[in-house]
Amino acid sequence: MSTRIAFLKGHGTENDFVIVPDPENAIELSPAAVAALCDRRAGIGGDGVLHVVRSAAHPDAREMAAEAEWFMDYRNGDGSVAEMCGNGVRVFARYLQHAGHVAEGDLTIATRAGVKTVHIAKDGDITVGMGRARLPVGDVTVTVGERSWPARNVNMGNPHAVAFVADLAHAGTLYTAPPVSPAGAYPDGVNVEFVVDRGPRHVAMRVHERGSGETRSCGTGACAVAVATARRDGTDPAVTGTPATYTVDVPGGRLVITERPDGEIEMTGPAVIVAEGEIDAEWLAHALG
């Protein structure tokens with residue numbers, strides 16, 4: 001390992017990430033290393049790590065290399081691997097633009113949930129094609145303290161349980177994962193969204209992301225919330241034949257989600273590069289014990 005490793009810090013609606021450029025997949029990012037980098041007191045701090053690798057250089061993405069040059073090897077803040085991160089894709093695209101790999105306009109990015117289409121607009125916002133939602137059958141219940149709510153099971157390439165509540169404060173601290181039943185509904189864990197209405201086609205949410213705790217934003221979670229709200233409101237585009245657009249407020253900002261009649265979902269929001277520097281390899285080795 002070299003004595004220093006380049007990194008950047010970025011965020012999308014305050015869902016923040018440590019970005020590690022590694023085109024040839026030469027840096028081994030163990031779960032412990034990721035957790036050390038994401039530590040907000042002893043490390044750089046972040047909800048996760050965006051490991052930037054050429055698709056052809058990563059075993060999980062080689063089959064997508066013909067469609068997308070770059071692979072978002074995403075890790076949660078605890079070091080676990082995640083299939084997809086919507087805010088992360090926007091920040092990943094912003095990094096590629098910042099580094100001169102892409103320009104404004106359309107591009108594709110490989111993820112463990114498939115190839116995502118991205119558009120970088122002149123006004124700075126980034127739109128990501130998030131694919132289609134799956135709605136697994138079966139009742140799901142979310143519990144916080146003595147309160148319980150029925151939840152909509154939505155899969156956006158990663159699993160979500162969406163609960164509509166009277167007050168976002170009812171979600172509690174979200175330091176730990178809210179219990180979800182039945183236990184077998186999410187064998188690999190779940191992201192849990194708590195949602196309140198703000199106005200016509202306008203909602204607000206808080207989220208506990210598996211492996212990260214409460215985050216300031218969750219892109220796939222905002223998509224899951226829009227899908228669940230459209231079903232609740234009777235505005236399912238597959239039924240009405242009309243796109244459904246929802247504004248979703250998150251603690252870190254605002255996202256706009258559109259679901260089309262063909263089921264394809266688009267998410268639009270900001271992405272910012274905050275800083276760049278170098279990770280000291282000696283510090284990282286010491287942090288790993």
Side-chain angles (χ1 to χ4, degrees), residues 10-17 19 47-48 50 52 55 64 67-72 74 82-134 154-158 160 191 193 201-205 207 215-230 235 237-238 242-250 252-274:
H11 77 90
T13 50
E14 298 184 11
N15 197 185
D16 62 334
F17 309 96
I19 305 162
D47 293 321
L50 301 176
V52 184
S55 298
M64 295 180 276
E67 297 179 75
E69 180 180 2
W70 295 96
F71 172 54
M72 185 180 78
Y74 180 65
E83 302 93 340
M84 174 59 181
C85 175
N87 289 316
V89 172
R90 295 202 320 279
V91 175
F92 192 97
R94 179 68 76 219
Y95 162 74
L96 293 178
Q97 182 188 34
H98 174 86
H101 297 306
V102 303
E104 290 175 358
D106 298 328
L107 67 145
T108 54
I109 294 173
T111 76
R112 288 186 174 84
V115 175
K116 302 302 178 185
T117 57
V118 178
H119 180 79
I120 303 175
K122 289 183 179 180
D123 65 6
D125 275 354
I126 296 178
T127 298
V128 179
M130 300 290 286
R132 294 176 171 85
R134 291 190 294 108
V154 182
N155 193 292
M156 286 298 307
N158 58 356
H160 297 267
N191 305 284
E193 287 79 26
R201 300 205 180 190
H202 184 185
V203 297
M205 61 174 265
V207 58
T215 58
R216 300 284 293 170
S217 180
C218 176
T220 56
C223 293
V225 164
V227 168
T229 308
T235 58
T242 302
T245 297
Y246 281 85
T247 297
V248 182
D249 291 344
V250 295
R254 176 169 288 179
L255 296 167
V256 177
I257 312 298
T258 297
E259 184 181 10
R260 302 200 303 257
D262 64 1
E264 289 292 329
I265 298 169
E266 292 183 339
M267 173 186 64
T268 300
V272 179
I273 298 297
V274 175

Enter the distance from [X]:[atom1] to [Y]:[atom2] here, rounded to the nearest 0.5 Å.
X: Cys223; Y: Ile265; atom1: SG; atom2: CD1; answer: 5.5 Å
X: Met64; Y: Ile109; atom1: CE; atom2: CD1; answer: 12.0 Å
X: Glu104; Y: Lys122; atom1: CD; atom2: NZ; answer: 6.5 Å
X: Leu50; Y: Tyr74; atom1: CG; atom2: OH; answer: 7.0 Å
X: Cys85; Y: Met72; atom1: SG; atom2: CE; answer: 5.5 Å
X: Lys116; Y: Arg90; atom1: NZ; atom2: CZ; answer: 14.0 Å

query = Would a 4.5 Å heavy-atom cut-off, applied to side chains only, mark Cys218 and His160 as touching?
reply =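 Yes - at least one pair of side-chain heavy atoms lies under 4.5 Å apart.
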
query = Just wondering, do Val91 and Val89 contact through their side chains at under 4.5 Å, heavy atoms?
reply =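 Of all side-chain heavy-atom pairs linking Val91 with Val89, none is under 4.5 Å.
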
task = Would you mind telling me which of Glu264, Glu266, Glu259 makes a salt bridge (Lys or Arg N to Asp or Glu O under 4.0 Å) with Arg132?
result =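 Checked Glu264, Glu266, Glu259 against Arg132; only one passes salt bridge (Lys or Arg N to Asp or Glu O under 4.0 Å): Glu264.
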
task = List the steps and the verdict of side chain to side chain contact (heavy atoms under 4.5 Å, CB included) for Val256 and Thr245.
result = CA-CA 7 Å; Val256 177; Thr245 297; 3.6 Å; yes

Residues forming a salt bridge (charged side-chain N to carboxylate O under 4.0 Å, His left out) with Asp123, sequence neighbours excluded =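 Once residues adjacent in sequence are excluded, Asp123 has no partner under the salt bridge (charged side-chain N to carboxylate O under 4.0 Å, His left out) criterion.
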
ask   = So, Asn158 versus Thr220: side-chain donor-acceptor pair below 3.5 Å or not?
value =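 Result is yes, a qualifying pair exists.
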
ask   = Are Thr235 and Tyr246 linked by a side-chain donor-acceptor pair shorter than 3.5 Å?
value =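 Result is yes, a qualifying pair exists.
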
inquiry  = Check Arg112 with Glu83, please: is the shortest side-chain N to carboxylate O separation under 4.0 Å?
reply    =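 Here Glu83 does not pair with Arg112 in a salt bridge, since their nearest N and O are not under 4.0 Å apart.
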
request  = I would like to know whether His202 and Asp249 meet side-chain hydrogen bond (donor to acceptor under 3.5 Å, both in side chains); could you show each step before the answer?
outcome  = CA-CA 8 Å; His202 184 185; Asp249 291 344; 2.7 Å; yes

Given 3.5 Å as the limit, does a donor-acceptor pair link the side chain of [X] with the main chain of [Y], or not?
X: Thr215; Y: Asn15; value: no
X: Arg94; Y: Gly124; value: yes
X: Thr13; Y: Arg254; value: no
X: Asp47; Y: Asp16; value: yes

inquiry  = Go through it in stages, so that I can follow the logic: the residues are Ser217 and Glu14, the test is side chain to side chain contact (heavy atoms under 4.5 Å, CB included), and I'd like the CA-CA distance, side-chain angles, deciding distance and then a yes or no.
reply    = CA-CA 6 Å; Ser217 180; Glu14 298 184 11; 5.9 Å; no

Residue pair [X] / [Y]: nearest heavy atoms and the distance that separates them:
X: Gly157; Y: Ala113; answer: CA-CB, 4.2 Å
X: Ala68; Y: Val115; answer: CB-CG1, 4.2 Å
X: Val102; Y: Ala93; answer: CG2-O, 4.3 Å

ask   = Do any pairs count as a ring-ring contact (aromatic ring centres under 6.0 Å, His included) and have a residue in residues 98-117, sequence neighbours left out, and if so which ones?
value =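 Every pair satisfying ring-ring contact (aromatic ring centres under 6.0 Å, His included) with a residue in residues 98-117: Trp70-His101.
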
request  = Using side chain to side chain contact (heavy atoms under 4.5 Å, CB included) as the criterion, point out the one residue from Leu96, Leu107, Asp106 that pairs with Ile120.
outcome  =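 Single pass found, and it is Leu107.
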
task = Using the side chain to side chain contact (heavy atoms under 4.5 Å, CB included) rule, take Val203 and Val225 through it: C-alpha gap first, then chi angles, then the decisive distance, then the call.
result = CA-CA 9 Å; Val203 297; Val225 164; 3.7 Å; yes

task = Show the numbers, then the answer: is there a side chain to side chain contact (heavy atoms under 4.5 Å, CB included) between Ile126 and Val118?
result = CA-CA 7 Å; Ile126 296 178; Val118 178; 3.5 Å; yes

